[in-house]
Participant: 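Here it is, the structure, as structure tokens.
Keep in mind that the numbers below use all heavy atoms, side chains included, and drop hydrogens, waters and symmetry copies. One-based numbering, in listed order, for ligands and for the atoms of each.
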Amino acid sequence: MKKTIYLDMDDVLCDFTAAYKTAIKANPAIQYPQSQFDYFRKLAPIKDAIASVNYLLQQPLFEVYILTAPSIQNPLCYTEKRLWVEDHFGFEMVKRLIISPHKGLNRGDYLIDDNDSGKGQENFEGQLLKFGSPEFPNWKTVISFFQEKYQL
Ligand SMILES: [Mg+2]
């Protein structure tokens, strides 16, 4: 039986916080830099994220999806998140992009997310791997978890 893994985007696949800090410093007058055109598309990938996701995609045991909540005040983000996925993973991965402000409605085994509540993470029935926590500080620890658990 395949295991379904959902991946958050901001601060798991793409470095939202670094871009936010840089933008606030560069232009303090813009209080919400995430409301600006192309903000989401230009985010840099988190270290090891791309290679780690490609690794998970190659495992026959796993079904991998991106599950990201939109910044609902910024309608552009829906398009920019879709473009970011194609930019970094190619078009096929776009079929695995789910944009939802209610992550708990998705059924699956794992959710890799830096937040454990706020966008329905608290209602997710599977296991939450809290990215950035002491247990999963980076992608290497996430991949090690799956390798040990499933003898990959
Ligand atoms: Mg996040």
Side-chain angles (χ1 to χ4, degrees), residues 3-27 30-57 59 62-90 92-147 149:
K3 301 291 176 189
T4 302
I5 302 174
Y6 295 106
L7 314 168
D8 175 37
M9 282 182 79
D10 296 323
D11 290 328
V12 173
L13 297 184
C14 39
D15 202 341
F16 181 98
T17 296
Y20 181 87
K21 284 181 180 164
T22 303
I24 287 283
K25 212 172 179 181
N27 197 344
I30 298 176
Q31 206 182 341
Y32 301 103
Q34 68 271 39
S35 69
Q36 301 298 298
F37 172 74
D38 235 16
Y39 176 88
F40 284 94
R41 189 175 186 181
K42 285 192 295 202
L43 296 179
I46 290 278
K47 186 177 187 295
D48 298 325
I50 306 302
S52 299
V53 173
N54 285 328
Y55 173 81
L56 293 174
L57 286 165
Q59 307 305 314
F62 300 142
E63 279 287 336
V64 180
Y65 296 90
I66 294 171
L67 179 56
T68 181
S71 178
I72 58 171
Q73 304 273 23
N74 175 7
L76 298 171
C77 87
Y78 295 77
T79 298
E80 292 169 10
K81 281 171 178 275
R82 145 74 176 80
L83 290 167
W84 193 95
V85 169
E86 184 176 6
D87 290 345
H88 293 279
F89 293 107
E92 278 304 301
M93 191 64 176
V94 169
K95 298 172 183 172
R96 296 181 172 273
L97 171 64
I98 301 164
I99 301 177
S100 166
H102 305 286
K103 297 186 181 188
L105 295 175
N106 281 72
R107 282 178 295 153
D109 299 285
Y110 298 99
L111 171 62
I112 302 168
D113 204 308
D114 61 308
N115 287 306
D116 48 24
S117 65
K119 299 287 164 57
Q121 295 96 332
E122 65 276 21
N123 299 319
F124 182 69
E125 65 182 10
Q127 183 178 349
L128 180 90
L129 273 56
K130 191 170 179 187
F131 195 84
S133 68
E135 199 181 356
F136 298 106
N138 50 41
W139 271 102
K140 290 228 180 312
T141 51
V142 171
I143 294 301
S144 295
F145 167 84
F146 286 114
Q147 286 176 329
K149 179 135 188 172

Participant: Tell me, please, if Asp11 has any N/O/S atom, main chain or side chain, under 2.8 Å from the Mg ion (ligand 1)?
Facilitator: no
Participant: Hey, mind stepping through Tyr6 and Gln121 against side-chain hydrogen bond (donor to acceptor under 3.5 Å, both in side chains) and telling me if it holds?
Facilitator: CA-CA 11 Å; Tyr6 295 106; Gln121 295 96 332; over 6 Å; no
Participant: Between Phe146 and Tyr55, is the gap from one ring center to the other below 6.0 Å?
Facilitator: no
Participant: With carbon and hydrogen excluded and only N/O/S kept, which atom of Asp114 is nearest the Mg ion (ligand 1)?
Facilitator: OD1
Participant: Round to 10° and report the angle made at the Mg ion (ligand 1) by OD2 of Asp8 and O of Asp10.
Facilitator: 90°
Participant: When the aromatic ring centroids of Phe16 and Tyr39 are compared, is their separation below 6.0 Å?
Facilitator: yes
Participant: Is the shortest side-chain heavy-atom distance between Asp15 and Leu43 below 4.5 Å?
Facilitator: no
Participant: Let me check your reading of the structure: within less than 2.8 Å of the Mg ion (ligand 1), is there an N/O/S atom from Asp113?
Facilitator: no
